[in-house]
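Right, one structure below, let's go through it.
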Amino acid sequence: MSNYEKETLNAYRTSQRAQEYKRYHTKDWSWARISTWLEQKSLGRELSRYNWSNTDRLLDIPCGTGILGKILHKFPFRIFASDISPEMMTLAQEEYPVDRLDGCIQADITATGFDRESFDCIVVLGFLHRVPKDIRLAAMKEIAALSKGVVIINCSINSPIQRLKMKMLSLIWPNHIPAPCPVTLSEMISECENTGFKVVRSFMVVPLLSAKAMLVLEKKEA
Ligand SMILES: C[S@@+](CC[C@H](N)C(=O)[O-])C[C@H]1O[C@@H](n2cnc3c(N)ncnc32)[C@H](O)[C@@H]1O
């Protein structure tokens, strides 16, 4: 089994793992909880820059336990959530506005069964820095095929300052597990451009303290 299969594809396939993930990111006194909260705020702000209507379709993929769900209560989207793990989706379901959740659908992000160009907005969180380049490119290609508008992604960034931070963290906190496949910001931007997107904004979610960058993409005209 490859590292990707062990650490990401199959890693969230028990209800115990799903519950631990949700608790760690939303209830425990952890940095993950604080950074998740800051990320939710950034996402809300980025979504607010657009004028969404109640016919717009949003895809949250991979939705995990629905960390995006709470933010979506204040936007009018029809919502589709998708993940490879039914166990994660079971916990996600309760997070979205119930009257606008059109489905939690199991799919592999690299080859979903969704209609091409059928989503006005797609959000991809907590995935691209977990997978090797071939899977990242396959996922971005699929997202580009599904999108007809805006895509928001996040990704842990590989930079000299983040490498130094990780080294120091590993000394004082040996249990710390960094993202398996961080990417340089310039590489991520050029991969987005090569898959058919214009990068309209990119920023660090919590400069220095977190390695996560958020990128707002718009599909280029064909
Ligand atoms: C770190 S979690 C992130 C979940 C959520 N977006 C968040 O920010 O909390 C990674 C998720 O990716 C899902 N996943 C892993 N490989 C996948 C694939 N090939 N297609 C779809 N989902 C996948 C896992 O089941 C897990 O729920």
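Just follow the structure's listing: the first ligand is 1, and inside any ligand the first atom is 1.
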Can you tell me which portion of [X] lies within the under-4.0 Å heavy-atom range of ligand 1? Options are side chain, backbone, both, or neither.
X: Ile109; answer: both
X: Arg130; answer: side chain
X: Cys63; answer: backbone

Salt-bridge present (Asp56, Arg78; N to O < 4.0 Å):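 Result for this pair is no, no salt bridge flagged.
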Lys/Arg-Asp/Glu bridge criterion (N-O < 4.0 Å) met for Glu193, Lys198: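 The answer is no: the pair does not qualify as a salt bridge.
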Closest candidate by heavy atom, reference atom 11 (C) of ligand 1, pool Ile135, Val123, Asp83: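 Of the listed residues, Asp83 has the closest heavy atom.
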Contact check, Thr110 vs ligand 1, heavy-atom distance below 4.0 Å: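 Heavy atoms of Thr110 never come under 4.0 Å of ligand 1.
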Ligand 1 contact by Ala107, heavy-atom criterion under 4.0 angstrom: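 It does; at least one heavy atom falls under 4.0 Å.
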Nearest protein heavy-atom contact for [atom]: which residue, which atom, what distance?
atom: atom 4 (C) of ligand 1; result: Gly64 CA, 3.6 Å
atom: atom 2 (S) of ligand 1; result: Tyr21 OH, 3.7 Å
atom: atom 19 (N) of ligand 1; result: Tyr4 OH, 2.9 Å
atom: atom 16 (N) of ligand 1; result: Phe127 CE1, 3.5 Å
atom: atom 10 (C) of ligand 1; result: Gly126 O, 3.7 Å

Residue Pro62 vicinity, atoms of ligand 1 by number, heavy atom under 4.0 Å: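 That gives atoms 4 (C), 5 (C), 6 (N), 11 (C), 12 (O), 13 (C), 22 (N) of ligand 1.
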Cation-aromatic face contact Arg130/Tyr12, 6.0 Å, 45 degrees: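 Because its charged atom misses either the 6.0 Å distance or the 45° angle limit, Arg130 does not stack over Tyr12.
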Trp37 six-ring centre to Arg33 NZ/CZ under 6.0 Å and within 45° of normal: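 Not flagged: Arg33 not positioned over aromatic ring of Trp37.
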Leu72-Leu59 co-clustered via ILVMFWY side chain contacts under 4.5 Å: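 No, separate clusters.
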Within one Ile-Leu-Val-Met-Phe-Trp-Tyr cluster: Val200 and Met188, side-chain cutoff 4.5 Å: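 The answer is no; the residues belong to distinct hydrophobic clusters.
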No-hydrogen, no-angle side-chain donor-acceptor test under 3.5 Å, Gln162 and Lys165: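 Per modelled atom types, Gln162 and Lys165 side chains form a pair under 3.5 Å.
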Side-chain donor-acceptor contact under 3.5 Å, Ser85 with Glu87: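 The criterion, which ignores hydrogens and geometry beyond distance, is satisfied for Glu87 and Ser85.
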Any N or O of Ile67 closer than 3.5 Å to N or O of ligand 1: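 The answer is no, given that Ile67 and ligand 1 share no N or O pair closer than 3.5 Å.
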